[in-house]
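Below: the structure, in structure tokens.
Any value given below was found using the heavy atoms of this structure, including those in side chains, with hydrogens, waters and symmetry copies removed.
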Amino acid sequence: MWVRRIASRVKIIEDPEDSDEIVRTKIVDACSSSGVSAIKFNQGAWYLGHNSFDVLIENLERV
């Protein structure tokens, strides 16, 4: 759920209702073309989504 939301937000996927297979393929393709590890993207997207409130509060002074 979190990875899908982040991928939608950063415009990797257009339709959040796409099948899991389509979402996976688009994420892997986007990461590959950008030279980013898909595994690290997945980990970071999950962490950000799960901890978004805490991350926001910790970084609020930077905004």
Side-chain angles (χ1 to χ4, degrees):
M1 177 172 73
W2 294 118
V3 175
R4 181 182 295 267
R5 286 182 180 178
I6 299 298
S8 177
R9 181 75 173 151
V10 298
K11 308 291 190 219
I12 291 175
I13 60 173
E14 295 174 17
D15 184 359
E17 300 299 319
D18 280 344
S19 71
D20 290 345
E21 182 64 31
I22 291 172
V23 171
R24 274 193 300 270
T25 300
K26 287 183 177 182
I27 289 172
V28 169
D29 289 348
C31 288
S32 181
S33 68
S34 299
V36 174
S37 164
I39 293 170
K40 288 183 179 181
F41 173 83
N42 181 60
Q43 292 170 334
W46 187 91
Y47 181 86
L48 178 61
H50 183 74
N51 297 293
S52 59
F53 181 76
D54 294 336
V55 170
L56 172 67
I57 296 301
E58 289 172 10
N59 291 285
L60 197 54
E61 65 192 37
R62 294 182 188 185
V63 178

Checklist line | Flag, side chain of Ser37 to backbone of Ile39, donor-acceptor distance under 3.5 Å | finding: yes
Margin query: Using the salt bridge (Lys or Arg N to Asp or Glu O under 4.0 Å) criterion, which residues pair with Asp29? Sequence neighbours excluded.
Written below: none
Next item on the list: Look up atom CZ in Arg5 and atom CG in Leu48, then write down how far apart they are to the nearest 0.5 Å.
Entry: 12.0 Å
Next item on the list: Mind checking the NZ-SG spacing from Lys26 to Cys31? Nearest 0.5 Å is all I need.
Entry: 14.0 Å
Checklist line | Separation between CZ of Arg24 and CG of Asn42, rounded to the nearest 0.5 Å | finding: 10.5 Å
Note to self: Could you check whether Arg4 pairs with Asp18 (Lys NZ or Arg NE/NH1/NH2 to Asp/Glu carboxylate O, under 4.0 Å)?
What the structure shows: no
Notebook entry, point to check: Is the backbone N or O of Ala30 less than 3.5 Å from a side-chain atom of Ser33, with the two atoms forming a donor-acceptor pair by type?
Noted result: yes
Margin query: Can you give me the closest heavy-atom contact between Ala45 and Trp2, atom names plus distance?
Written below: O-CB, 4.1 Å
Item checked: From CA spacing to verdict: side chain to side chain contact (heavy atoms under 4.5 Å, CB included), Ile6, Phe41 -> CA-CA 10 Å; Ile6 299 298; Phe41 173 83; 4.2 Å; yes
Notebook entry, point to check: Among the clusters formed by ILVMFWY side chains lying less than 4.5 Å apart, do Trp46 and Val28 turn up in the same one?
Noted result: no
Solution key, residues 54-63 side-chain donor-acceptor pairs under 3.5 Å, sequence neighbours excluded:
{"unit_1": "Asn59", "atom_1": "OD1", "unit_2": "Arg62", "atom_2": "NE", "d": "3.4"}
{"unit_1": "Asn59", "atom_1": "OD1", "unit_2": "Arg62", "atom_2": "NH1", "d": "3.4"}
{"unit_1": "Asn59", "atom_1": "ND2", "unit_2": "Val55", "atom_2": "O", "d": "2.9"}

